[in-house]
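Encoded as structure tokens, the structure appears first; notes follow it.
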Amino acid sequence: MRRPSQMMKLLLASFFGVIVGFLMGITFPTLTLTKMNLPSTLFPSIDLAYIEDKYSDLSRKRLFSSWSSTKSPKLNKDIPDPPYTYNDTKIWVPTNPRGAERLPPDIVTPESDLYLRRLWGDPNEDLKTKQRYLVTFTVGYGQRKNIDAALKKFSDNFTIMLFHYDGRASEWEEFEWSKRAIHVSIRKQTKWWYAKRFLHPDIVAPYDYIFIWDEDLGMEHFDAEKYLAVVKKHGLEISQPGLEPYEGLTWEMTKKRDDTEVHKHAEERNGWCSDPNLPPCAAFVEIMAPVFSRKAWRCVWHMIQNDLIHGWGLDFAVRKCVQNAHEKIGVVDAQWIIHQGVPSLGNQGQQEQGKQPWEGVRERCRREWTMFQDRLDEAEKAYYEASAHKNVSSSRPHR
């Protein structure tokens, strides 16, 4: 049996060893992992050399702080934060998109797309083809057969996007094309509400042309590829197919003609056109079936108001997005459509004050038209007044 003096010596030696080990840990906290002779099976998926190179410039204080946070929460409170933040960088590129100035330009990706990608494999091999055009329809399930027939008129060169205003997106799986389509389902919204939120110009940038169409269009006499061939031939930035004449046709400009491939001017009733090169006699298409070039859509998107969801008045204003609009906006007669006039979205309204749902929707459409025109007039007035004031100020001699 050991004597008390030997036990005391053993305890003192052990305590001294603990103190020395602790002090050595503080003095040399960093550990070069690649110098350790550890079995590779302990780190099967970690590149140790990469870790060492990537983080070799971290301060000892930060490494010790990370260690002590797991070992001793009380001790961690006594260690101050490092004198820098994770956002410290010497990079500042003012020409980068707003908010991305700290990033090197080569990593900035300001635009996206709607191409569907797989969850596995090499990302560079995801896309066998990249569609050049985008077609969108705002739909209810009741119009599924008409939409199925319509989409047969669009080639595989089109990305298909459906906006579902009735919440029944999953029921479209009966159609084979639905599996490669993009479905956005939000109840009781209009196509311009969807367009403002899901068709940002930086999202649809890969597409040469964007179709933003209603669901109640007959397309027996329409082919999308042939249509775009005519659009390109005539250099149209904004267009629509001609409408087969029907009883409720409002504008002469959009009526199909039999004697021409494309028309850009029309004669309206007396007093409707203050200038033959202005809407509705020229530079005009309706909002039911517009087709925008990439360049034109980038401008039109910014014109759409967040709260004016029906888009009434846009057809008179899109000309502001195209230079020489009376030459670059037109109606394609060689490919025409039929407006079936199904009031499906109108019935999504709500009955109030004795008015039928569709009456409330139509009343709001008219109100929005007036509001949009007032906003546009006021914005232009403010711009010209500010420009005039600036010109006057700059022309005054300096004292």
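In what follows, residues are counted from 1 in the order of the sequence shown.
A distance below 6.0 Å separates the ring centres of Tyr227 and Phe222. For His310 and Trp192, the ring centers are positioned 6.0 Å apart or more. Aromatic rings from Phe158 and Phe211 are positioned such that their centres are separated by under 6.0 Å. Separation of the Phe284 and Trp251 ring centroids falls under the 6.0 Å cut-off.
Taking every heavy atom of both residues into account, Phe137 and Ala150 meet most closely at CZ-CB, 4.2 Å. Taking both residues in full, the closest heavy atoms of Asp156 and Arg180 are given as OD1-NH2, 3.5 Å, listed atom of the first, atom of the second, then distance. In this structure, Leu134 and Met161 approach most closely via the heavy-atom pair CD1-CB, 4.2 Å. Residues Tyr115 and Asp113 come closest through the heavy atom pair N-OD1, 2.9 Å. The two residues Lys255 and Pro245 come nearest to each other via the heavy atoms CG-CG, 3.8 Å. What you find for Trp297 and Leu199 is that their closest heavy atoms are NE1-O, 2.8 Å.
Salt-bridge formation is detected for the pair Asp214/Lys191: a Lys NZ or Arg NE/NH1/NH2 atom is positioned less than 4.0 Å from an Asp or Glu carboxylate oxygen. The pair Lys196-Asp307 fails the salt-bridge criterion, with no side-chain N (NZ, NE, NH1 or NH2) lying under 4.0 Å from an Asp/Glu carboxylate O. A salt bridge links Asp208 to Arg294: one of the charged nitrogens lies within less than 4.0 Å of a carboxylate oxygen. Ionic pairing of Asp333 and Arg257 is not present here: no N-O contact between side-chain nitrogen and carboxylate oxygen is shorter than 4.0 angstrom. Ion pairing between a basic and an acidic side chain is recognised when a charged N comes within 4.0 Å of a carboxylate O; Glu173 and Lys179 show no such pairing. A salt bridge is absent between Glu363 and Arg366; no separation between the charged side-chain nitrogens and carboxylate oxygens falls under 4.0 Å.
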Check: Asp258 and Lys256: salt bridge (Lys or Arg N to Asp or Glu O under 4.0 Å), yes or no, with the steps?
Finding: CA-CA 7 Å; Asp258 297 326; Lys256 171 189 172 294; 2.2 Å; yes
Margin query: Could you go through Ile203 and Leu114, starting from their C-alpha distance and side-chain angles, then the distance that decides it, and tell me whether this counts as side-chain contact (heavy atoms from CB on, under 4.5 Å)?
Written below: CA-CA 7 Å; Ile203 299 297; Leu114 295 172; 3.8 Å; yes
Checklist line | salt bridge (Lys or Arg N to Asp or Glu O under 4.0 Å) evaluation trace for Lys153 with Asp223 | finding: CA-CA 5 Å; Lys153 303 294 184 175; Asp223 181 278; over 6 Å; no
Item checked: Audit row: Trp177, Asp148, side chain to side chain donor-acceptor pair (under 3.5 Å) steps and yes/no -> CA-CA 9 Å; Trp177 52 259; Asp148 179 47; 2.8 Å; yes
Next item on the list: Please lay out, stage by stage, how Glu237 and Lys295 fare under the test salt bridge (Lys or Arg N to Asp or Glu O under 4.0 Å).
Entry: CA-CA 8 Å; Glu237 295 289 335; Lys295 181 179 178 181; 5.9 Å; no
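Enclosure of atom CD in Gln323 is not indicated, since only 12 or fewer non-hydrogen atoms of other residues, nucleotides or ligands lie within 6.0 angstrom. Under a cut-off of 6.0 angstrom, the local environment of CD in Glu171 is crowded, with over 12 non-hydrogen atoms contributed by other residues, nucleotides or ligands. Residue Lys232 qualifies as enclosed at atom NZ: its count of foreign heavy atoms under 6.0 Å is above 12. Counting heavy-atom neighbours within 6.0 Å of Asp259 CG, excluding the residue itself, gives a total above 12.
No side-chain heavy atom of Tyr165 sits under 4.5 Å from any side-chain heavy atom of Lys188. The shortest side-chain heavy-atom distance between Leu217 and Gln340 does not fall under the 4.5 Å cut-off. Using a 4.5 Å heavy-atom threshold, the side chains of Leu162 and Val184 count as separate. Under the 4.5 Å side-chain criterion, counting only non-hydrogen atoms from C-beta, Phe372 is in contact with Met303.
The aromatic rings of Trp213 and Phe154 stand perpendicular to each other, their planes meeting at an angle above 60°, with 30° marking the opposite boundary.
Of the possible donor and acceptor atoms, none in the side chain of Glu261 sits under 3.5 Å from a partner among the backbone N and O of Val332.
No side-chain donor from either of His183 and Ser170 sits under 3.5 Å from a side-chain acceptor of the other. Glu286 and His339 share no donor-acceptor pair across their side chains, judged by distance under 3.5 Å alone. Side chains of Tyr207 and Thr159: a donor on one and an acceptor on the other come within 3.5 Å. When only modelled atom types and interatomic distance are considered, Ser155 and Tyr133 share no side-chain donor-acceptor pair under 3.5 Å. The closest side-chain donor-acceptor pair between His326 and His265, if any, does not fall under 3.5 angstrom.
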